[in-house]
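Okay, structure first, notes after.
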Protein chains: 2
Amino acid sequence: MLPNPYDLIPSSALRPISGAIGDVVFHQGDPTHGLYVVQTGRVHLERVGPNGERFIIHRAQAGTSFAEASVFSEVYHCDAVCVEAGVLIRIDKAAVMAAFADPAFARAYGRQAAQQIQAQRQMLEIVGIRRAEDRVMAGLVAGLLDGSVVEFAARLQLSHEATYRALRKLVQDGRVTNPCRGIYHLRP
Amino acid sequence: MLPNPYDLIPSSALRPISGAIGDVVFHQGDPTHGLYVVQTGRVHLERVGPNGERFIIHRAQAGTSFAEASVFSEVYHCDAVCVEAGVLIRIDKAAVMAAFADPAFARAYGRQAAQQIQAQRQMLEIVGIRRAEDRVMAGLVAGLLDGSVVEFAARLQLSHEATYRALRKLVQDGRVTNPCRGIYHLRP
DNA sequence: GGCAGCATATGATTGAAATCATATTGCGAT
DNA sequence: ATCGCAATATGATTTCAATCATATGCTGCC
């Protein structure tokens, strides 16, 4: 694993927060305290439309951070709601700001951010592919099928049925091997 | 406009590169020189699949950067091909690495990266919305309709016809106003 | 002025993925 | 062992966006 920039933040700037389901971690417009790392559970970031519709702008999984931009902002720009109970770590924005003076932190942060941006761009390209078969193939090339097919399908924004069918088609066309139930590999 | 981190890089580290259509800026496996900023033209980043299929992993527009992660890598992990003639600026990776020692650069970089990550996450959520009407509504809430409807539709990964129909439906349902041809606003 | 070209718009048809339904397999708990 | 449950897998039907077609308004150009 690459150096996690947040390991370089003094622990005094870290605050564990336990979130029950439905808990609002912060509200749109609240003054920012800092960014969050999800240890366990899941958090949704939501923006409220003019007529009260709630749009999810991000689903933060365990092991990921969210509200990174709040470090550079005076107020939060969305709501954060705990949708699965767990523990979050809040990292104080002043500590992050200060840490940028440490070149080791700055480079670790830069590296992580650059890789995340690259990965997200790739995901945007992949989910933009219309044909299920092509999308599944692109997902396989990108190495997105590491866990279950159901999870793979969710990442591809396809129904798992459509994903199974596309996989079968790719196997029939000889582009993919299916050595055993649930396992698919690109034919070299 | 927020401070562009690359303005803080000494100009000696910048190299303008003119690209004709079809020019390969770099190949997968080439040793990295640095990242690129597209001044004019367009560049596709492509990864080659095991059977020679080419998957576009990013389309870089004028005014955006690409291959940022190459600063932290020994070799490029994809091909960069100029699909519209223009001028690129290459920023030397050593200069970027060195610049992270400057807290002002580090913070500017961090801010830009955090905002880009946030924007990309939001785009991923939006293009993941199945119903054209909901997707268009989310796009409007996100402020994605600044230029033409055609451009808006492309951002949403929808056909412009579907986008027009969704907009009309939203107007009929009173959720959006259409003060004049081509202009749509959220009803407050 | 008149023409070309593009954005805007909307109707008709088609196609592909979502959805619904139904088995089967594999695995952990009791 | 067997019960229950989730993942795997595939068939049938429906839905809805893409596509094709057509028309109009607007803008720049000669």
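Lettering follows sequence order; numbering is per chain, from 1. Only a predicted model underlies this, so the values are computations on that prediction, with no experimental measurement involved.
- Per the geometry, OH belonging to A:Tyr184 stands 8 Å off P belonging to D:dT8, to the nearest Å.
- Taking a cutoff of 4.0 Å between a charged side-chain nitrogen and a carboxylate oxygen, A:Asp173 and A:Lys169 qualify as a salt bridge.
- Between the side chains of B:Gln122 and A:Arg47, at least one donor N or O lies within less than 3.5 Å of an accepting N or O.
- With rounding to whole Å, A:His160 atom NE2 is found 14 Å from C:dA23 atom C1'.
- Residue A:Gly182 is the one, among B:Arg135 and A:Gly182, whose nearest nucleotide of DNA chain D lies closer to the 5' end (criterion: closest heavy atom).
- For the residue pair A:Glu68 / A:Ser65, a side-chain donor-acceptor distance below 3.5 Å is found, with atom types taken as modelled.
- Residue B:Arg168 has a polar side-chain atom (N or O) positioned under 4.0 Å from OP1 or OP2 of C:dT10.
- Here the side chain of A:Ala132 is nearest to one of C:dA17, D:dT8, D:dA17, namely C:dA17.
- No side-chain heavy atom of B:Val43 sits less than 4.5 Å from a side-chain heavy atom of B:Val83.
- The nucleotide whose nearest atom lies closest to any side-chain atom of B:Ser159 is, among C:dT8, C:dA17, D:dT19, D:dT19.
- C:dT25 atom P lies 18 Å from atom CD1 of A:Ile183, rounded to whole Å.
- Proximity note for B:Tyr164 (side chain, C-beta onward) versus D:dT10, D:dA17, C:dT8: the nearest is C:dT8.
- Each of A:Glu161 and A:Arg181 was matched to the nucleotide of DNA chain C holding its nearest heavy atom; the match closer to the 5' end belongs to A:Glu161.
- Here the P atom of nucleotide D:dA9 and the NZ atom of A:Lys169 are 17 Å apart, to the nearest Å.
- Atom P of nucleotide C:dC6 and atom CD of B:Glu151 are separated by 16 Å, given to the nearest angstrom.
- Aromatic pair B:Phe152/B:Tyr184: ring centres not closer than 6.0 Å.
- Rounding to whole angstrom units, CG of residue B:Leu167 and C1' of C:dT10 are separated by 13 Å.
- Side-chain nitrogen and oxygen atoms of A:Arg130 include at least one within less than 4.0 Å of the OP1 or OP2 phosphate oxygen of D:dA18.
- Candidate nucleotides D:dA9, C:dA9, C:dA18 were compared by shortest atom distance to the side chain of B:Asn178, and C:dA9 ranks first.
- The side chain of A:Leu158 has C:dA17 as its nearest neighbour among D:dT8, C:dA17, D:dA17.
- When rounded to the nearest whole Å, the span between CG of A:Leu170 and P of D:dA9 equals 13 Å.
- A donor N or O paired with an acceptor N or O is not found under 3.5 Å between the base of C:dT8 and the side-chain atoms of B:Arg165.
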